[in-house]
Every structure is written in structure tokens, then in C-alpha cells.
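Take a look at the structure below.
Fair warning: this is a prediction, and the values are worked out from it, not measured in the lab. Below, chains carry the letters A, B, ... as their sequence lines are ordered, and counting in each starts from 1.
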Amino acid sequence: AVSWNAMIRGYAVNGHLDEAKQCFAKMPNPNSVTWTTIVAALAENGNIDDAKAMFDKMPERNVVAWTSIVAAYAQNGHLDEARELFEKMPHRNSYSWNTMISVYVQNKDLHEAKRIFDAMPGKNLVSWTPLISAYAQSGHLDEAKRLFDEMPQPDVVLWTAMIKAYAENGNITEARRTFDLMPQRNIVTWNVMLAAYCQVGLLRDATRQFEEMPERDLVSYTTVISAEAQYGRLERARALFDEMPLRDIVAWNTIIAAYSQAGNLSEARNLFEKMSTHDVVSCNIMIDAYARLGYLEEAKRELEKMPRQDVISWTTLITAYAFFGYVEEAKALFDSTPEKNLLAWNTLLEANCQHGELDDARTLFENMPEWD
RNA sequence: UCAACGAUGUUAUUAGA
């Protein structure tokens, strides 16, 4: 069973869900590990209903199974169901509690995260780290630091989170001090420091950091490529991209976005066609590449070609239509959006206001399911 | 022994500055 599980997991992490399922179907005696692997894999690919169906079919459900279905709902945006299941599960271990903490943190509900945290018995580093990050992200750097200082034995992950916390709040000096102070660093630590320099536009320091790093991975390259592009140094970005020993989809997306932002649609498209696979982000970048130059039809066609769109695909297109003055078309697109979430409502509302269609804006506003 | 939790890179909107 162990080797079967390894196979299934291998397929799952590489996105080969069908093979994973086939393997599962052929397997003589799936155990609880197998079931949980499948549930998690389904959820990661957005099949929350299938994941739940699997969970319900399980012959027995242990803490791990319960925790993964909780995480599954949360990953797919069903926060309330996640919470409900968390309350309902027969036993909770630290993984379960920690999952709930980071779920609330990801949903920017710091209060609820804190409540779970306070109620949690036997907190560990994994409980503290997301909370500290959340404080920093919401501008409460002092509180983040206070919690950090309370930790007797911070590990690399927590130290690195603290560097990020300083960097996010623009304190590059403290970020660097922390970097120098910590007992050991790993590649993520180096990358965070690298990104910190990039974010504040210290590209010289970033480049030096990049060269001094003990090793460079995909993230290191992509961080610098993106930064160079952002500061208008497209040539350098491209040179780095070409220099990469390996390129993943994020690296490709980054360089394509760089060309798009520079208005070089033909090279963006050229690279897009050279890629072996596209994900939602790649397509969104292309939609934007067309849209920002006013090629709205092409942008729309790109969206329609996508196997499935996300909020960003729609807002990109709707905003572009509105931006170029096609408010009616923007509205039509909005109406064809499968899920009208707050973001899309706001986008359209904004469009109406900008073009002086205040009556429409008011009607829209009054029909919104919620406001922020 | 294999499964579920924390730190890093790419796309839109708005806000901040």
C-alpha cells in the first residue's frame, strides 16, 4: 500500500489527477493514507465536491482525514463550511488547529485567527508564524515583533517570516539586521531578503545579494526578473530569463508580463506560444496584454479560449472595456460573469462613475449583495 | 515507513502612501 500511495501522491503533486484516480481505482486495499491523499489532491485542483464525496465514502475517518477536508473547503473559498467541519470533527490535533488559524489569516480575519489561536491547546511554531505574519501585514509590526520576541526558540521559518514582516513595512534596515542576526538561513531566507531589496527599488543591492547567494533557484531568478522589468530594464530581465538553467511556468509568465507591460505585444505573444503549458495566470497576462493596447476583441477571444476563467480574467477584461469607454459592453460582460463577486461589482461600479453614468451606478450599488 | 498545518517569485481592480 505504501508504494501505491507514493505513486498516487506522485501523480497528484504533478497535476495528473486522472492518473492518480485510475491508480486509486485499481488499488486493491486503499488505506486511510490513500484516501486522504486523494481528498487533498482533489481539493487542490478545485474539485471540492469530488473531495467531499470521497471524504464521505471513506470507510473510516481519522484526524488527518478531517483536517484535510477542513483545509479543502478553506482552499476553495468555503470558509463557513470549513469552520463548521472543524467544530464537528471528533478530535482535533495541532494540525487541525493550525489549519484553522492560517485559514483565517489567509482570509484576513485576524480577529478570528487570534480567537482560534487563544483557544488552541499546545501551540507550536506553526501556530505562531502565520499570526505574526498577519500582524505585520495589517501594519501592526510592533505586535508582530512582540510576539516574535516571546518565542524562546524561533526556527528558520519564523525568522524568515520576521524578515518579511520588516520588509513589508518598508524597514529594510531591520530586515537586513534580522537576516544577519539569525543563526541559519536557507534558500527561502535569501529569497525573502532578495525580494525585500527589490520591493524598495534597491536593485544594486538585490543584484549583489543575488550574486552572493549560496544557491539560486527559480524563485530567486523570477524575483529579480520581475523587479528589473518593473524598473524598465527589460533587457536585463530577458538576459536573466535566458540565463536560467530551468524555467517553470511562473518564470515564463513573468517574462511575458514584462513584455506586455512594456507594450511589446508581439514578443509577449511569441513567448506565450512557445510555452508548453498555460495556466490561468498566463492567459490572464495575455488578456491584459491585448486589452491594455485596446485590442478588446482579441482580449475577449483569449478569455473565451480559457478552459476556466477566474475573477482576475473577468476584471481585467471588464476594466479594459470600461477604460476605453465601452461601458455598455462592460456591463454586458459583467452580466455574463458566472459569479458576481464583490470585486467585479466594484469594478463595474467604478466604470459607471468614471463615465458619469451615475444613475446606473446607483442602481448597481443598490443591487449589490454586499458592500465594502 | 507513505497522507492533513507556518516563511519566498508571475496577472486584474480598489485603497494607501
Would you mind reading off the distance between A/E60 atom CD and B/A3 atom P, rounded to a whole angstrom? 18 Å
As a test of reading the structure: which of B/C5, B/C2, B/A7 is closest to the side chain of A/N98, going by heavy atoms? B/C5
Please pick, from B/A3, B/G6, B/A12, the nucleotide with the shortest atom-to-atom distance to any side-chain atom of A/R9. B/A3
Give the table of side-chain donor-acceptor pairs shorter than 3.5 Å for residues 293-305 of chain A, with sequence neighbours excluded, one pair per line with atom names and distance.
none

Are the ring centres of A/W159 and A/F179 closer than 6.0 Å? no
Classify the side chain of A/N93 versus the base of B/A4 as yes if they form a donor-acceptor pair under 3.5 Å and no if they do not. yes
Is A/S3 touching bases, backbone alone, or none of the nucleic acid, heavy atoms closer than 4.0 Å? nothing
Determine whether the aromatic ring centres of residues A/F24 and A/W4 are separated by less than 6.0 angstrom. no
Can you check the A/L333 CG to B/U13 P distance for me, whole Å? 16 Å
Proximity to the side chain of A/V126 - top-ranked nucleotide from B/G6, B/G9, B/U10: B/G6
Would you indicate what A/V281 reaches in the nucleic acid, counting non-hydrogen atoms under 4.0 angstrom: base, sugar-phosphate, or nothing? base
What is the distance, rounded to the nearest whole Å, between atom CE of A/M7 and atom P of B/A3? 16 Å
Rounding to a whole Å, what distance do you find between A/D288:CG and B/U11:P? 10 Å
Rounded to whole Å, how long is the line connecting atom CD of A/E228 with atom C1' of B/U10? 15 Å
Taking B/A4, B/U8, B/U10 as options, the one with an atom nearest any side-chain atom of A/S226 is B/U10
Within the structure shown, what part of the strands sits under 4.0 Å from A/L218 by heavy-atom distance: base, sugar-phosphate, or nothing? base
Nucleotide nearest A/Q261 when distance is taken to its side chain, options B/A12, B/G9, B/C2: B/A12
Sugar-phosphate, base or nothing in reach of A/T67, heavy atoms under 4.0 Å: base
Less than 3.5 Å apart, which donor and acceptor atoms pair up between the side chains of residues 194-204 of chain A and the rest of the protein, not counting sequence neighbours?
unit_1	atom_1	unit_2	atom_2	d
A/Y197	OH	A/R176	NH1	3.3

Just checking A/D248: base, sugar-phosphate only, or nothing, at a heavy-atom cut-off of under 4.0 Å? base
Nearest listed nucleotide, side chain of A/T129, among B/A4, B/G6, B/U8: B/G6
Assign A/D155 to base, sugar-phosphate, or nothing according to its heavy-atom contacts below 4.0 angstrom with the strands shown. base
Of the candidates B/A4, B/C2, B/U8, the side chain of A/V2 sits closest to B/C2
A/T315 side chain: which of B/A12, B/U8, B/A4 is closest? B/A12
Tell me what A/T222 touches on the nucleic acid: a base, only sugar-phosphate, or nothing, going by heavy atoms under 4.0 Å. base
Proximity of A/W252 and A/F241 rings by center, below 6.0 Å: yes
Does A/T36 contact B/A3 through a side-chain donor or acceptor facing the base, at a distance under 3.5 Å? yes
Please find out if less than 6.0 Å separates the ring center of A/W66 from that of A/F55. yes
Counting only side-chain heavy atoms from C-beta out, which of B/A3, B/A12, B/U10 sits nearest to A/T316? B/A12
Round to a whole Å and report the spacing from CG of A/N253 to P of B/U11. 9 Å
Apply the test side chain to side chain contact (heavy atoms under 4.5 Å, CB included) to residues A/E112 and A/R83: give CA-CA distance (whole Å), side-chain angles for both, the deciding distance (0.1 Å), then the verdict. CA-CA 11 Å; A/E112 209 48 44; A/R83 177 57 180 264; 3.1 Å; yes
Check the distance between B/U13's P and A/I287's CD1 and give it to me in whole angstrom. 13 Å
If you check the A/A40 side chain, which of B/U11, B/G9, B/A4 turns out closest? B/A4
From CG of A/L271 across to P of B/U11 the rounded distance in Å is 16 Å
Reckon A/T160 touches a base, only the sugar-phosphate, or nothing at all at heavy-atom distances under 4.0 Å? base
Donor-acceptor pair present, A/N186 side chain and B/A7 base, under 3.5 Å: yes
